[in-house]
Amino acid sequence: MQFAQIILPLNLKGTFTYKVPADFLDKIEVGMRVLVPFRGKKIYTGIVAELFDNFEETFVPKEIINLLDNQPIVPKQQLDFWNWLSSYYLCNLGEIYRLAFPSSLKLESETYVRLLSERTIDWQNLDANETYLLQALEVRQMLNLQEIEAFIPKKEIIKTINALIDERYISVDEKITEKYKAKEIAYLKINDEALVSENLAIILLKLDKAKKQKDLFLSILSKQIDNPDNPIRKSLVFDEGNFVNQQLKSLIEKGWVTEYYLEKHRIDSYEGEIEEIEELTENQKKSISEINQAFEEAKNVLLHGVTSSGKTHIYLEKIEDCINSGQNVLLLLPEIALTKQITIRLEKKYGKKLGFYHNKLTDFERVEVWRKIKKNELQILIGTRNSLFLPYENLGLIIVDEEHDSAYRPRDQNFFFNAKDSAMMLAEFYHAKLILGSATPSLESYDLAMKDKLRYVSINERFGKVDLPKFEIIDIKEAQNQKKIVGNFSQKMIDEINLQLDQKKQTIILHNRRGYANVIECETCGHVTYCSNCDVVMTYHKASNELKCHYCGHRSGKPTTCPSCNSDNLNTKGVGVEQIEEETQKIFSDAEVDRMDVDAMRKKFAYEKLYEKLENGETDILVGTQMISKGLDFDNIELVAIPKADSMIHVQDFRAEERAYQLITQVAGRAGRVSGNGKILIQTYNPSHSVFELIKNQNVKEIYNYFLDERKKFLYPPFVKLIMIELKHRKEDKINRASQFLGSILRKYIPEECILGPEKSPIARLNNLYQYQILLKFPKNKNYKIYKELLFKSLDEFDEITAYKSIRKDIFVDF
DNA sequence: AGCACGCCGACT
DNA sequence: GTCGGCGTGCTC
């Protein structure tokens, strides 16, 4: 194979062709890393995507500089997966590669500047920057751009370097440096021949003159004799005896002691005792056998288990099965931080065979996990969506916990993909089994399960037959009419919370809106403050006494008078969680009230502190946003109150009701986990709204059928496939024209009824970029592929207009 | 993506 | 007059 298609870590379409030099012909394989030149001298680490012989020379390909691996680092299954992602989500392979690899595995050449000696420097004719640079280079022969930045302003660097190149004082080169360094720890040992007793006696005699050296020698010796199999840490010996390197050095020079290094793994593994899992209940056993049945039929599973039904136990059992059959497991979680329980359990059982992979790891830690997976040293990997890209060799089972969670499809980073759906494809490429688990499955998964494309396994009873929480709807309008209301709380809700306080039980109040008030409005002229970067009203945060934009993070001080008319008649509109907290504090003045939202949790250890308070029963009432629906498993919570449930429904998003259902049900799951006395109070102006009625009855089938009917009626997933194209640019007229143009291209190929827009995005400007969007509703049959091809074609046609190249284009498939 | 090349405004 | 802005073009 003479030629190779290489994936580069750049957001460019397709792959690039390189020639394989003769030395590598018999070594190179698909999936290996190579160093290739790209655009002048720059060198990148690419991935071999394909090898082939006949190449029609329409251009002269460059040669591969070096082969970095002895064996493929990206398994075949992963490359298939990348290709699928690229075509399904319309993103470039380079973007996927960038996301998949820790950056230390993607060596990139660095530009550095070198002093040439061929001319004597004429210092008179140099400007200040040129003088600085040359002086610096006289001290250190080579400097990289970052180092130069320390003493020359960023803007002037290029100019300075170019001027000096012209004068032939310096030259510019590219250098590749290995970034990853194993963390090494120094150990000491007495050499074998020194240990022979007659030698030992002589040594000790000789050391009589050097007291400190003798002490050091003896200190090492005693440790080595006490524990011959344990390596002796140098730092430990030094700390104990206050030794210094010079003393060690002379012992080494005399050939009595050796200093050696061992690689330390940055990630500490669990070293405690290993524990067996508990016995399963009848219900759980039944689910297991249903799952086994499904696996035998080569079907994947949707495990729909009410909160605290013990889904985790079932995962553990299936993980065990998979490992016993000699294969490995990937357990995906929406976010690693909040899911302690399963981790602890698995850690106790699998110890060092368990690995973690998530965004909080440093790059080097990621590399270590990569290597361990590659070497097949881990049997279980627990991780967030990025762990889909690890180089598994022997994957037998993928579990996606909380499969409905929107953290699997974040909209604001990289290219868009849904980790849950991607996991299903990955499982297919590996011929691995898959379990999606949730107490509130996404409608899409539920629909698949009803069609038996996923096997539906449900557990509708809590672990230990604990009763499920009861739901009650409070008509706030009626309460208002009867004047039985304080602020946002009906008397009924207040009474119920007081009842809990009397019994020393804890209460959760859910209000899913950050800040104190949505807006500060001038009552005189109607002025409201908009974010300077976005087309969004700033939210008032009382706790920090400022206005915040929840979209770009912009902050500004709280105005005391109207910025427009100077009136001091300012009023707040729209209730945020801070205000609910304030009211709660006022109404239940003796209770300890805490708030849990992104703003309150920003401080270091805020979460840990709050968690402890809750655990110790110090907190009586916890007020929070959707954050409180995750990971708070406390036995003493019995009441969940939702004073303004309507705010969750009145969001313009076709998933709003589904999300409201999921959020309420998830929070409800926190109540009465042990006692079975859980109670959920939902306050609303629309007590007869179908969603609330359905939630109250908790009839899963009815709820999902209702959602499905709605989606069918208004043509939304799972009945159609949605693709959103979002165009962004600093100039509104440009983006307007461009999106109209893209719309017209699309209409040329695709039927009118499939295309909505272009129109301004609900947030017309974000971070100073104007946004327009086009929504595509494609049929969910064989035509989907055809339409998608046509979409490809349209986008290509759009890209040909050079004037629109600077427009940012984000594509959200199945968003 | 990023980097070079090329054509128009505000300054020594 | 220049410096530097960013629109445009290209990368195997």
Side-chain angles (χ1 to χ4, degrees), chain A residues 1-21 24 28 30 32-67 86 90-101 103 106-113 127-130 144-146 148-149 152-163 165-166 172-174 413-415 727-735 737-738 768-769 795-796 798-811:
Chain A
M1 301 292 185
Q2 302 265 338
F3 300 96
Q5 290 299 124
I6 305 296
I7 304 168
L8 291 176
L10 300 167
N11 190 6
L12 294 169
K13 216 175 225 166
T15 52
F16 292 83
T17 310
Y18 286 85
K19 195 166 176 334
V20 182
F24 302 140
I28 195 164
V30 168
M32 287 180 173
R33 289 177 304 156
V34 289
L35 290 181
V36 290
F38 189 73
R39 157 178 62 218
K41 284 181 175 175
K42 193 88 183 151
I43 295 164
Y44 290 96
T45 307
I47 304 289
V48 181
E50 201 188 317
L51 290 164
F52 59 101
D53 265 322
N54 20 7
F55 168 64
E56 285 180 38
E57 303 243 356
T58 51
F59 57 88
V60 184
K62 291 186 179 173
E63 279 205 355
I64 289 171
I65 296 174
N66 208 350
L67 199 54
S86 161
L90 299 124
C91 60
N92 290 320
L93 283 169
E95 290 181 275
I96 301 173
Y97 167 35
R98 277 221 251 194
L99 179 76
F101 269 61
S103 50
K106 295 175 296 207
L107 317 172
E108 215 175 281
S109 68
E110 200 171 32
T111 309
Y112 70 96
V113 174
D127 70 18
N129 285 334
E130 291 163 3
N144 67 28
L145 293 181
Q146 236 177 20
I148 298 171
E149 243 175 69
I152 298 181
K154 220 171 179 172
K155 288 196 238 165
E156 293 162 30
I157 290 181
I158 302 284
K159 199 179 109 197
T160 307
I161 290 177
N162 282 337
I165 290 174
D166 286 346
V172 169
D173 265 307
E174 294 286 319
Q413 50 190 58
N414 309 314
F415 58 95
L727 301 173
K728 297 175 191 173
H729 196 270
R730 270 180 307 116
K731 296 200 175 108
E732 191 176 12
D733 58 326
K734 186 163 188 166
I735 198 73
R737 267 182 288 124
N768 283 319
L769 297 177
L795 291 169
D796 276 346
F798 179 82
D799 285 341
E800 274 168 29
I801 308 299
T802 54
Y804 293 156
K805 280 258 167 74
S806 58
I807 286 171
R808 224 183 99 185
K809 194 164 65 230
D810 292 318
I811 299 166

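None of these values were measured; they are calculated from a predicted model. We use all heavy atoms of the structure for the numbers below, so side chains are in, but hydrogens, waters and symmetry mates are not. Residue numbers start from 1 in every chain, and the chains themselves are labelled A, B, ... in the order their sequence lines are given, proteins ahead of strands.
Nucleic acid contact class of A/F59 (heavy atoms, under 4.0 Å, all strands): base. A/R808 comes within contact range of no nucleotide atom at all, as no heavy-atom separation falls under 4.0 Å. If you check every strand for non-hydrogen atoms under 4.0 Å, A/T17 touches a base.
When rounded to the nearest whole Å, the span between CG of A/N92 and P of B/dA1 equals 9 Å. One atom, CG of A/L10, and another, P of C/dC10, lie 17 Å apart when rounded to the nearest Å. Distance, A/D799 CG to C/dT11 P: 16 Å, rounded to whole Å. Here B/dG2 presents its P atom at 10 Å from CG of A/L12, a figure rounded to the nearest Å. Look at CD1 on A/I64: it is 11 Å from C1' on C/dC12, rounded to the nearest Å. Per the geometry, CZ belonging to A/F55 stands 7 Å off C1' belonging to C/dC12, to the nearest Å. For the pair A/F16 CZ and B/dA1 P, the interatomic distance rounds to 13 Å; values are reported in whole Å. Across the protein-nucleic acid pair, A/E95 atom CD and B/dG2 atom P stand 12 Å apart, rounded to whole Å.
For A/F3 and A/Y18, the gap between ring centers reaches or exceeds 6.0 Å.
Of all nucleotides listed (C/dT8, C/dT11, C/dC12), C/dT11 comes nearest to the side chain of A/R39.
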- Item | Derivation of the salt bridge (Lys or Arg N to Asp or Glu O under 4.0 Å) call for A/D810 and A/K728 | CA-CA 8 Å; A/D810 292 318; A/K728 297 175 191 173; 3.2 Å; yes
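Between A/R730 and the phosphate of C/dG7, there is a side-chain N or O to OP1/OP2 separation shorter than 4.0 Å. Contact between the side-chain N/O atoms of A/K805 and the OP1/OP2 oxygens of C/dT8 is not found at any separation under 4.0 Å.
With hydrogens and angles left out, the side-chain atoms of A/E50 and A/T15 include no donor and acceptor closer than 3.5 Å.
Aromatic ring pairs are classed by plane angle as parallel below 30°, tilted from 30° to 60° and perpendicular above 60°; the pair A/F38 and A/Y44 is perpendicular.
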